[in-house]
Amino acid sequence: MKSLRGERLSAEYQKAVYEVIATKLKYKTDRIRGIVSVTKADVSPDLKNAKIYISVLGRNAEESRTTFEAIKEHAATIRYELAHIMHSRTVPELHFLWDDTMEYGDKIDRLIKELHKEEKGGSQE
């Protein structure tokens with residue numbers, strides 16, 4: 001079980017990483033496209049490592065993967081910017097992980113809309 005401090009730090013890192021990606025990194029590289037979301041941050045108790053879960057909703061799978069790879073490649077830059085934002089003694093090493101919850105949610109929405117269209121089409125006949 002995580003301590004209250006660990007949970008609070010994870011939430012702060014989640015917000016800060018998103019802020020860095022949305023502002024500084026987006027203007028540094030043109031490979032960041034689509035909607036980028038930091039869905040979760042999990043900072044280890046010793047504050048040396050952090051798992052950052054990233055979800056990208058792009059026009060297609062290739063655009064999403066390219067954006068995710070660009071974020072992974074710029075992990076050192078993100079960490080450097082976090083050091084200025086967080087004002088903490090140590091900034092954990094960042095490990096980015098793919099999170100497909102946005103894609104899954106989008107797929108479910110499309111399926112529900114299709115069902116409603118079929119329902120409306122069937123009741124009119």
Side-chain angles (χ1 to χ4, degrees):
M1 186 168 170
K2 266 188 144 177
S3 67
L4 183 60
R5 180 175 183 254
E7 288 178 20
R8 198 170 50 237
L9 274 173
S10 292
E12 288 299 317
Y13 274 107
Q14 180 179 351
K15 288 184 228 170
V17 168
Y18 173 75
E19 184 180 318
V20 170
I21 292 171
T23 57
K24 311 233 175 182
L25 192 60
K26 199 163 196 165
Y27 298 111
K28 187 175 181 124
T29 179
D30 62 343
R31 292 174 53 207
I32 306 286
R33 301 190 185 243
I35 300 170
V36 177
S37 179
V38 179
T39 57
K40 184 179 174 186
D42 190 15
V43 180
S44 66
D46 62 358
L47 305 178
K48 293 196 187 286
N49 293 292
K51 293 178 184 173
I52 309 294
Y53 295 87
I54 301 287
S55 182
V56 181
L57 188 59
R59 291 184 195 153
N60 53 42
E62 182 182 334
E63 183 179 89
S64 297
R65 282 289 169 192
T66 302
T67 299
F68 180 71
E69 291 302 320
I71 291 169
K72 280 177 64 174
E73 288 170 12
H74 288 87
T77 303
I78 296 170
R79 186 177 182 199
Y80 175 80
E81 294 296 335
L82 283 177
H84 295 290
I85 293 173
M86 297 298 287
H87 302 293
S88 61
R89 195 172 0 152
T90 61
V91 175
E93 185 177 333
L94 304 175
H95 304 280
F96 292 100
L97 302 168
W98 182 263
D99 186 3
D100 64 350
T101 55
M102 284 177 61
E103 292 171 0
Y104 181 74
D106 185 50
K107 179 181 175 184
I108 296 298
D109 284 344
R110 280 187 275 126
L111 290 172
I112 290 172
K113 285 178 184 176
E114 284 179 26
L115 285 173
H116 283 291
K117 284 180 184 177
E118 289 176 6
E119 229 174 62
K120 287 180 183 179
S123 63
Q124 290 178 352
E125 293 177 5

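Both backbone and side-chain heavy atoms feed into the values below; hydrogens, waters and symmetry mates do not.
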S.K.: Closest heavy-atom contact between Asp46 and Asn49?
M.R.: OD1-N, 4.4 Å
S.K.: Nearest heavy-atom pair of Gly58 and Ser64: which atoms, and what distance?
M.R.: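 Residues Gly58 and Ser64, closest heavy atoms: N-OG, 3.0 Å.
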S.K.: Between Arg59 and Gly34 (side chain of the first, backbone of the second, donor and acceptor by atom type, cut-off under 3.5 Å), is there such a pair?
M.R.: no
S.K.: Mind listing the side-chain donor-acceptor pairs of residues 13-28 below 3.5 Å, one per line with the distance, residues two or more places apart or on another chain?
M.R.:
from: Gln14; atom 1: NE2; to: Val38; atom 2: O; distance (Å): 2.9
from: Gln14; atom 1: NE2; to: Thr39; atom 2: O; distance (Å): 3.3
from: Thr23; atom 1: OG1; to: Glu19; atom 2: O; distance (Å): 2.6

S.K.: What pair of heavy atoms forms the shortest contact from Arg33 to Asp30, and how long is it?
M.R.: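 Looks like NE-O, 3.2 Å.
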S.K.: Write down the atom of Ala41, the atom of Ile52, and the distance for their closest heavy-atom approach.
M.R.: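 Here Ala41 and Ile52 meet closest at CB-CD1, 3.8 Å.
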S.K.: Say you draw a straight line from CD1 of Ile32 to CD of Glu63; how long is it, rounded to the nearest 0.5 Å?
M.R.: 10.5 Å
S.K.: With a 4.0 Å cut-off, would you call Arg110 and Asp106 a salt bridge?
M.R.: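 Yes.
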S.K.: Are His116 and Glu119 side-chain neighbours, meaning at least one heavy-atom pair lies under 4.5 Å?
M.R.: yes
S.K.: How long is the straight-line distance from CD of Glu93 back to CG of Leu47, given to the nearest 0.5 Å?
M.R.: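 Reported to 0.5 Å precision, the distance equals 13.5 Å.
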S.K.: Got a sec, which residues hit side-chain contact (heavy atoms from CB on, under 4.5 Å) with Arg89, two or more places apart in sequence or on another chain?
M.R.: none
S.K.: Verify, without hydrogens or angle tests, whether Ser37 (side chain) and Ser55 (backbone) share a donor-acceptor contact under 3.5 angstrom.
M.R.: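 Pair absent, no side-chain N/O of Ser37 close to backbone of Ser55.
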S.K.: With sequence neighbours excluded, tell me which residues meet ring pair (Phe, Tyr, Trp, His ring centres under 6.0 Å) with Phe68.
M.R.: Trp98
S.K.: If I take atom CD from residue Glu73 and atom OG1 from residue Thr29, how far apart are they, to the nearest 0.5 angstrom?
M.R.: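 If we round to the nearest 0.5 Å, Glu73:CD and Thr29:OG1 are 8.0 Å apart.
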S.K.: Any chain of hydrophobic side-chain contacts (each under 4.5 Å) joining Tyr53 to Leu82?
M.R.: no
S.K.: Hey, does Ile71 have a side-chain heavy atom less than 4.5 Å from the side chain of Ile78?
M.R.: yes
S.K.: Working to the nearest 0.5 angstrom, can you tell me the gap between Lys72 NZ and Leu97 CG?
M.R.: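 The CG atom of Leu97 is 8.0 Å from NZ of Lys72, to the nearest 0.5 Å.
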S.K.: Find out whether Val43 and Ser10 are in side-chain contact, i.e. whether some heavy atom of one side chain is under 4.5 Å from a heavy atom of the other.
M.R.: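 When only atoms from C-beta onward are counted, Ser10 and Val43 do touch, with a gap below 4.5 Å.
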S.K.: Would you say Leu111 and Leu115 make side-chain contact, with heavy atoms under 4.5 Å?
M.R.: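 Leu111 does not reach Leu115 side chain to side chain.
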